[in-house]
Amino acid sequence: MRFAAIFLLLIPLRILAQEEAIYLNVDAPIELRVEDALSRMTLEEKVDMCHGHSKFTSAGVPRLGIPQIWWSDGPHGVRAEFLADKYVYDDRLDDFITAFPALTALAATWNPELAYEYGQALGDEALYRGKTVMLGPGLNICRTPLNGRNFEYMGEDPMLCAEMAIPYIQGLQSKGVAACVKHFALNNQENWRLDIDVQCSDRALHEIYLPAFKRAVAEGGAWALMGGYNRVRGEHASHNKLLLCDILRRQWNYDGVVVSDWGGAHDTFQAANNGLDVEMGTSSPYNKNILADPYLEAMRSGLIDSTTVNEKVRNILRLIFRTSMSGKRGFGAICTPAHYELCRQIGEESIVLLKNNGILPLEPNQKRRILVVGENATLPLNLAGGSSELKVKDMYSPLDAIRNIYGEEVVYTPGYKSGPYTYNVENPVPQEVTESLHREAVAMARQADVVIYIGGLNKNSYQDCENRDRYTYNLIFGQDSLINALADVNPNIIVANISGAPFAMPWIDKVPAVIQSWYLGTMIGPAMADVISGRANPSGKLPFSFPKRIEDCGAHALGQLSYPGVEDADGRHHQEYLDDIMVGYRWYDTKKIPALFPFGYGLSYTTFKCGKPTLEKHGQNWTVDVPVTNTGKTDGKETLQLYVCDVKSRLPRPAKELKAFSKVYLKPGETKNVILTLSPDDLKYYDPEVSDWVLEPGKFQLLIGTSSTNISHKINIEI
Ligand code: GLC
């Protein structure tokens with residue numbers, strides 16, 4: 001009897017224990033865990049989860065053992081730790097990490113497999129550092145070459161951007177670390193980013209600026225998304241009804257978290273009702289911010305519907321159960337040889353050979369006097385640039401790597417100085433300093449057999465840096481005149497520029513070789529030296545066009561309203577994307593304004609030939625089978641690109657749009673058949689009259705080639 005009584009007593013405890021386990025049970029379905037945890041939370045605990053409690057954490061539920069969320073920059077490495085309540089680095093000794101290549105470099109590889117590996121490696125470093133969410137990738141479009149943050153993004157074409165972002169997100173999240181795609185949306189410049197109201201047509205929105213975000217959510221499965229600072233059609237992007245409720249939630253069925261950009265939330269009612277889940281970037285007292293006490297009070301007084309907080313908390317709990325409470329996360333690792341080797345491989349595959357009269361590759365083991373000129377040969381370009389800056393454990397400079405291959409007798413001189421990171425237009429480097437460095441470099445170039453110039457942009461303000469756009473399309477710090485002067489005294493000059501955005505090259509006809517390198521992080525040196533020496537055959541393709549002049553660019557051809565925007569009576573700004581859907585090569589090829597170097601362009605140390613393509617129909621889809629042959633003497637990679645031209649359409653369409661690409665490795669003499677697939681969706685355009693994508697009957701041309709302008713074959717199809 002006594003035993004039975006005890007057993008009966010145990011049942012409720014067991015059920016309670018059973019109930020207690022649901023949200024803590026890592027094997028339970030996530031939605032059950034979400035509902036169970038939500039049912040246990042007070043209103044205060046729910047509101048607590050919806051805002052920051054330090055610069056880079058937002059609350060969990062301590063009482064229930066639900067951990068806080070650690071948010072971390074950035075897209076190409078785990079940023080150093082800040083003090084809890086100041087944007088001041090904590091100068092710790094345990095947060096030195098790998099600097100992975102910037103995402104322009106990843107895009108320039110046109111290699112989605114590398115993007116997946118990149119995401120995995122970044123995920124391992126984030127795990128080791130105890131992060132829940134990595135604040136990247138940035139999916140904004142390179143609309144203007146002057147945008148200070150082009151280096152963080154993946155170029156001018158939404159399809160390339162999406163194809164490279166999806167595997168990055170999948171790789172990162174395969175480690176139980178959330179990607180946070182940003183800055184949603186229309187944050188395509190830094191000038192006045194905090195207040196500018198961006199107006200653009202529905203077509204430009206849906207055909208250019210949203211597709212990468214849409215696919216990152218629908219195909220990449222992104223678990224987090226960051227609203228931008230700017231306004232879109234009058235409302236701040238971080239709590240914008242059109243973007244976050246109508247499009248992101250209702251049309252795209254997004255089930256992740258929406259976080260504001262840091263300090264990007266401005267209005268409690270909009271934040272509560274327009275889909276913002278977590279307000280970040282606030283300061284103490286943290287309970288006084290937009291989605292904190294004001295939100296709690298508004299719900300208590302009935303001014304705001306209290307079910308809004310449940311939706312937010314469901315998204316936040318789901319994020320936590322997908323990451324820190326998934327029960328499946330590893331322990332990660334940082335600065336491993338594998339991570340470094342991956343950085344080197346991505347770096348090598350990202351470098352674009354723009355011009356080469358044969359001086360490259362510069363064979364090692366030859367007796368020759370090599371002079372390296374340029375500050376970027378030694379400058380640690382992982383620092384500065386804004387929120388994506390990184391504190392690296394190792395940084396192998398181009399100069400060290402070149403000396404590693406060609407010997408210690410390689411001579412170096414900076415040739416120019418860029419001044420402090422806070423460099424701005426008011427306090428350029430003193431002219432006499434620039435002139436003396438210039439004179440010294442030219443004098444040394446007279447004595448050299450070969451000059452390797454390593455310059456370009458850097459991470460100073462008004463260069464490749466957050467919060468400012470560049471104020472000129474040219475290189476600065478006296479580089480254009482320096483390159484000209486060096487070429488005048490030594491025709492054997494190789495220009496190896498490093499940048500995250502296009503720039504003018506007034507000296508292009510005077511130099512025999514140009515390579516375009518990127519912010520490649522820890523392994524920038526070995527990657528560049530491998531390409532210069534021929535240890536690696538460059539296979540990068542430009543993710544954005546290099547217009548000859550900034551006036552040739554669509555964003556800059558249509559007046560100040562289009563770029564950078566105009567000031568309003570209240571001191572804020574607004575702009576209209578008058579270039580509309582004609583961004584990048586869409587503009588240059590439609591307006592027949594040849595770019596200096598076009599989108600998708602990149603040479604190799606070998607040569608390739610595209611044979612006659614074969615078109616086949618498979619159900620709704622088409623395949624284009626293109627035999628590609630390596631007709632040169634070294635193995636290499638070529639990227640085949642397929643663009644679509646709608647011969648005649650009711651609405652204006654660009655002369656061509658990238659719809660498929662594939663990179664192929666070929667040994668000398670080898671031929672492979674590259675298959676490119678096309679679906680009817682690839683032929684559609686967005687029709688604002690029906691607010692949907694439409695496939696218009698008629699003729700289309702499929703343009704196959706190895707850059708947006710190097711088209712080797714055209715195939716006509718008809719719908
Ligand atoms: C910055 C950036 C954003 C970054 C965030 C946190 O202002 O716009 O990209 O992730 O704040 O540093």
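In each ligand, atom 1 is the first atom listed, and ligand 1 is the first ligand listed.
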Self-check item: atom 12 (O) of ligand 1 - nearest protein heavy atom and its distance
Solution: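 The protein heavy atom lying closest is D73 OD2, 2.6 Å.
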Practice problem: Just need the protein heavy atom nearest to atom 5 (C) of ligand 1, so name the residue and atom and give the distance. | Solution: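 That would be D261 OD1, 3.4 Å.
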Interfacing atoms of ligand 1 (cut-off 4.0 Å, heavy-atom, [X]):
{"X": "M226", "result": "10 (O)"}
{"X": "R193", "result": "7 (O), 8 (O)"}
{"X": "R79", "result": "12 (O)"}
{"X": "K182", "result": "3 (C), 4 (C), 9 (O), 10 (O)"}
{"X": "F56", "result": "6 (C), 12 (O)"}
{"X": "Y229", "result": "1 (C), 7 (O), 8 (O), 11 (O)"}
{"X": "L135", "result": "10 (O)"}

For the pair [X] and [Y], find out whether any cationic side-chain nitrogen is under 4.0 Å from an anionic carboxylate oxygen.
{"X": "R215", "Y": "E163", "answer": "yes"}
{"X": "R79", "Y": "D73", "answer": "yes"}
{"X": "D124", "Y": "R329", "answer": "no"}

Exercise. Sequence neighbours left out, what pairs pass ring pair (Phe, Tyr, Trp, His ring centres under 6.0 Å) with at least one residue falling in residues 217-243?
Key: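 Listed once each, the pairs are H236-H266.
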Practice problem: For A501, enumerate each residue passing the side chain to side chain contact (heavy atoms under 4.5 Å, CB included) test, keeping only those at least two apart in sequence or located in another chain. | Solution: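 Applying side chain to side chain contact (heavy atoms under 4.5 Å, CB included) to A501 gives N150, L457, D464, R470.
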Quiz prompt | Nearest-0.5 Å distance that lies between atom NZ in K459 and atom OH in Y519 | solution =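 Atom-to-atom, K459:NZ and Y519:OH are 6.0 Å apart.
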With side-chain contact (heavy atoms from CB on, under 4.5 Å) as the test, pick out the partner of [X] among [options].
{"X": "R572", "options": "I196, D197, D195", "answer": "D195"}
{"X": "K46", "options": "V61, L317, V309, L296", "answer": "V309"}
{"X": "P145", "options": "S545, S499, C553", "answer": "C553"}

Of all the heavy atoms in [X], does at least one lie under 4.0 Å from an atom in ligand 1?
{"X": "M280", "value": "no"}
{"X": "W71", "value": "no"}
{"X": "E466", "value": "yes"}

Ligand 1 versus [X]: contacting region, heavy-atom distance under 4.0 Å:
{"X": "K55", "value": "neither"}
{"X": "E190", "value": "neither"}
{"X": "Y87", "value": "neither"}

Practice problem: Flag W262 as yes when one of its N or O atoms lies below 3.5 Å from any N or O atom of ligand 1, and as no otherwise. | Solution: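 No, W262 has no N/O under 3.5 Å of an N/O on ligand 1.
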Practice problem: Compute whether any side-chain donor of one residue and acceptor of the other, for S562 and R143, lie under 3.5 angstrom apart. | Solution: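 Judged by distance alone, the side chains do pair up.
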